[in-house]
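Worksheet: the structure to be examined is printed underneath.
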Amino acid sequence: MLKIGITGGIGSGKSTVSKIFELLGVPVYYADDRAKDIMVRDQILVAQLKEHFGPETYDANGALNRKYLGNIVFNDKEKLQLLNSLVHPATIRDSDQWASEQKTPYVLKEAALLFESESFHHLDRVIGVYAPQPLRIQRVMKRDNVTREEVLARIQKQIDERIKMKLSDYVIYNDEQQLVIPQVLKLHQQLLELAARQA
């Protein structure tokens, strides 16, 4: 079974593209959603987070205190790197376990920080989802009800979009100029053929 990554900058539409693959019967691992779950479920990770960020990282019921943790990491680059260095390996372990339970020719792992976290090394191929920056800013402002400045601050925490696309094996253009579904259908066929050759 092939493990295929799908990534793109904030607002590129990688979740939308992933949903189309799901309609074609391809299982998708949503790394950001799963990471939130792992941060509560994975006892090794919970212990590490408490050790590095303090017992206040979790409330009395064992729920993650997002506001507390967010205040620590979002203004301190080193603390953010520390958090990522703990969460990313746990997410990789979880996604490998998840992939081993699937019965399809290939699976997708959707993650914003595939290259930043180095987790692309655990994948066979990577799909980049591209949209021009002005369109991405517009989408995120509308979706998250945030200002242009807030979106730009998030974009600056990610690798430049053009570099991401160069590092990707395939690119899907979600720029409102080209239809996305035909691009996904074509790529789905290519990935099925690749999986068959490697089986």
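All values below were derived from every heavy atom in this structure, side-chain atoms included, with hydrogens, water molecules and symmetry-related copies excluded. Being a predicted model, the structure only gives us computed values, none of them experimental.
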- Message: Considering only residues two or more places apart or on different chains, which pairs with a residue in residues 24-71 satisfy ring-ring contact (aromatic ring centres under 6.0 Å, His included)?
- Response: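 Passing the test, one end in residues 24-71: Tyr29-Trp98.
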
- Item | Partners passing salt bridge (charged side-chain N to carboxylate O under 4.0 Å, His left out) against Glu51 (at least two apart in sequence or in another chain) |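 For Glu51 there are no salt bridge (charged side-chain N to carboxylate O under 4.0 Å, His left out) partners, ignoring immediate neighbours.
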
- Task: List in chain and number order the residues that pass salt bridge (charged side-chain N to carboxylate O under 4.0 Å, His left out) with Asp124, two or more places apart in sequence or in another chain; answer none if no residue qualifies.
- Result: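 For Asp124, no residue satisfies salt bridge (charged side-chain N to carboxylate O under 4.0 Å, His left out) once neighbours in sequence are set aside.
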
Ignoring hydrogens and angles, tell me if any N or O in the side chain of [X] forms a donor-acceptor pair with the backbone of [Y] under 3.5 Å.
X: Asp94; Y: Ala90; answer: no
X: Arg125; Y: Ile4; answer: no
X: Gln158; Y: Ile10; answer: yes
X: Thr7; Y: Ala112; answer: yes
X: Glu161; Y: Pro132; answer: no
X: Thr147; Y: Glu150; answer: yes
X: Asn174; Y: Ser12; answer: yes
X: Asp160; Y: Arg162; answer: yes

Inter-residue atom distance [X].[atom1] - [Y].[atom2], 0.5 Å rounding:
X: Arg143; Y: Arg136; atom1: CZ; atom2: CZ; answer: 10.5 Å
X: Leu114; Y: Ser168; atom1: CG; atom2: OG; answer: 8.5 Å
X: Gln190; Y: Ile127; atom1: CD; atom2: CD1; answer: 9.5 Å
X: Leu192; Y: Gln189; atom1: CG; atom2: CD; answer: 5.5 Å

- Under the side-chain hydrogen bond (donor to acceptor under 3.5 Å, both in side chains) rule, collect the residues that match up with Asp37, sequence neighbours excluded.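 Arg41.
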
- Message: Measuring only between side-chain heavy atoms, which start at C-beta, is Gln183 closer than 4.5 Å to Val129?
- Response: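 Of all side-chain heavy-atom pairs linking Val129 with Gln183, none is under 4.5 Å.
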
- Item | Results of ring-ring contact (aromatic ring centres under 6.0 Å, His included) for Tyr106 - residues two or more places apart only |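 If we apply the ring-ring contact (aromatic ring centres under 6.0 Å, His included) test to Tyr106, skipping adjacent residues, the hits are His188.
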
- Task: Not counting sequence neighbours, which residues clear ring-ring contact (aromatic ring centres under 6.0 Å, His included) with Tyr130? List them please.
- Result: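 Per chain and number, Tyr130 pairs via ring-ring contact (aromatic ring centres under 6.0 Å, His included) with Tyr173.
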
- Salt bridge present between Asp32 and Lys14 (N-O < 4.0 angstrom):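 Salt bridge: no.
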
